[in-house]
Amino acid sequence: MSSYLRALARSSIVHVLFAFLAMGGWALFANRLHPMPRPLVAGLVQGALSAALTLCLKSTIDALSLRFHGTARLWMPPLIACLASTTILVTVHAATGTPEILRTIALPLMVSTSYAVLYNYSISRRKA
């Protein structure tokens, strides 16, 4: 049973699906006071964006960490990833008419930036 759970935990499909459901659900909740279908659209948009960003985040941090040296290697890759994610999220949510953009993106950005910082730190330690 534990090898099955480990395999699930390593599966990209599981991570992407979890990101879609968790962050899409959050967006639905964050926009719940607005008339339908706005909360539903926000949830679908955020779910899709979170799934795509989850799929790309690890490889982005891997690539960026090779471009910086010294202390910049610790903070530049997560900063660039966070700024890029913020730009994408705000732009797409504004274009699709999400009513509560800040509330909608706050949790997904916090989670993805935390992951980027921790993952970047772990690979920077291995390279040192």
Side-chain angles (χ1 to χ4, degrees):
M1 177 78 160
S2 69
S3 63
Y4 175 72
L5 291 176
R6 264 182 280 191
L8 275 178
R10 290 187 189 126
S11 169
S12 293
I13 293 170
V14 171
H15 283 240
V16 168
L17 191 58
F18 181 80
F20 179 86
L21 294 173
M23 296 308 156
W26 166 254
L28 185 69
F29 176 77
N31 291 277
R32 72 192 179 283
L33 299 178
H34 296 275
M36 281 294 180
R38 293 182 110 181
L40 185 59
V41 170
L44 291 172
V45 167
Q46 183 59 53
L49 288 170
S50 290
L53 291 172
T54 297
L55 201 55
C56 297
L57 191 57
K58 181 185 177 298
S59 57
T60 300
I61 294 296
D62 285 336
L64 287 172
S65 72
L66 297 173
R67 301 203 180 273
F68 296 98
H69 303 284
T71 57
R73 178 184 281 170
L74 290 174
W75 59 271
M76 283 298 287
L79 177 63
I80 292 169
C82 176
L83 292 174
S85 294
T86 302
T87 301
I88 291 166
L89 291 170
V90 169
T91 302
V92 173
H93 279 294
T96 59
T98 298
E100 301 288 341
I101 294 175
L102 185 57
R103 286 185 180 156
T104 300
I105 68 171
L107 181 65
L109 272 177
M110 186 175 62
V111 170
S112 65
T113 302
S114 298
Y115 170 79
V117 167
L118 293 171
Y119 179 66
N120 185 63
Y121 177 73
S122 74
I123 62 174
S124 294
R125 281 190 46 185
R126 280 185 255 147
K127 291 177 183 176

Ignoring hydrogens, what is the shortest heavy-atom contact between [X] and [Y]? Give both atom names and the distance.
X: Pro77; Y: Ala72; value: CD-O, 3.6 Å
X: Pro78; Y: Ala116; value: CG-O, 4.0 Å
X: Ala27; Y: Ala42; value: CB-O, 3.5 Å

Side chain to side chain contact (heavy atoms under 4.5 Å, CB included) between Thr54 and Met23, intermediate numbers included
CA-CA 11 Å; Thr54 297; Met23 296 308 156; over 6 Å; no

Remaining members of the apolar cluster that contains [X], side-chain heavy atoms under 4.5 Å:
X: Leu74; result: Tyr121
X: Ile13; result: none
X: Val16; result: Leu55

Which of these passes side chain to side chain contact (heavy atoms under 4.5 Å, CB included) with Ile80: Thr60, Leu64, Ile61?
Leu64

Strictly by side chain to side chain donor-acceptor pair (under 3.5 Å), give each pair with a member in residues 102-120 just once, sequence neighbours left out.
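Non-adjacent pairs meeting side chain to side chain donor-acceptor pair (under 3.5 Å): Asn31-Thr104, Lys58-Tyr119, Asp62-Tyr119.
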
Qualifying side chain to side chain donor-acceptor pair (under 3.5 Å) pairs with a residue from residues 74-94, counting only residues at least two apart or across chains
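Those involving residues 74-94 are Gln46-His93, His93-Thr98.
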
State whether the number of non-hydrogen atoms from other residues, nucleotides or ligands found under 6.0 Å of Arg67 atom CZ is greater than 12.
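Atom CZ in Arg67 is not crowded, with 12 or fewer foreign heavy atoms closer than 6.0 Å.
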
Who pairs with Leu44 by side-chain contact (heavy atoms from CB on, under 4.5 Å), at least two apart in sequence or on another chain?
Phe20, Leu40

From Leu53 atom CG to Leu109 atom CG, the distance as rounded to the nearest 0.5 Å
8.5 Å

Distance (rounded to the nearest 0.5 Å) between Leu66 CG and Arg73 CZ:
7.5 Å

ring-ring contact (aromatic ring centres under 6.0 Å, His included): pairs with one or both residues in residues 22-43, sequence neighbours excluded
Trp26-Phe29

Where at least one partner belongs to residues 48-70, residue pairs that pass ring-ring contact (aromatic ring centres under 6.0 Å, His included), sequence neighbours excluded
none

Taking a hydrophobic cluster as the set of Ile, Leu, Val, Met, Phe, Trp and Tyr residues connected by side-chain heavy atoms closer than 4.5 Å, whether directly or through intermediates, do [X] and [Y] fall within one such cluster?
X: Val45; Y: Ile105; answer: yes
X: Val41; Y: Leu49; answer: yes
X: Val90; Y: Ile88; answer: yes

Determine which pairs satisfy salt bridge (Lys or Arg N to Asp or Glu O under 4.0 Å) with at least one residue from residues 38-51, sequence neighbours left out, and list them in order.
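Qualifying pairs: none.
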
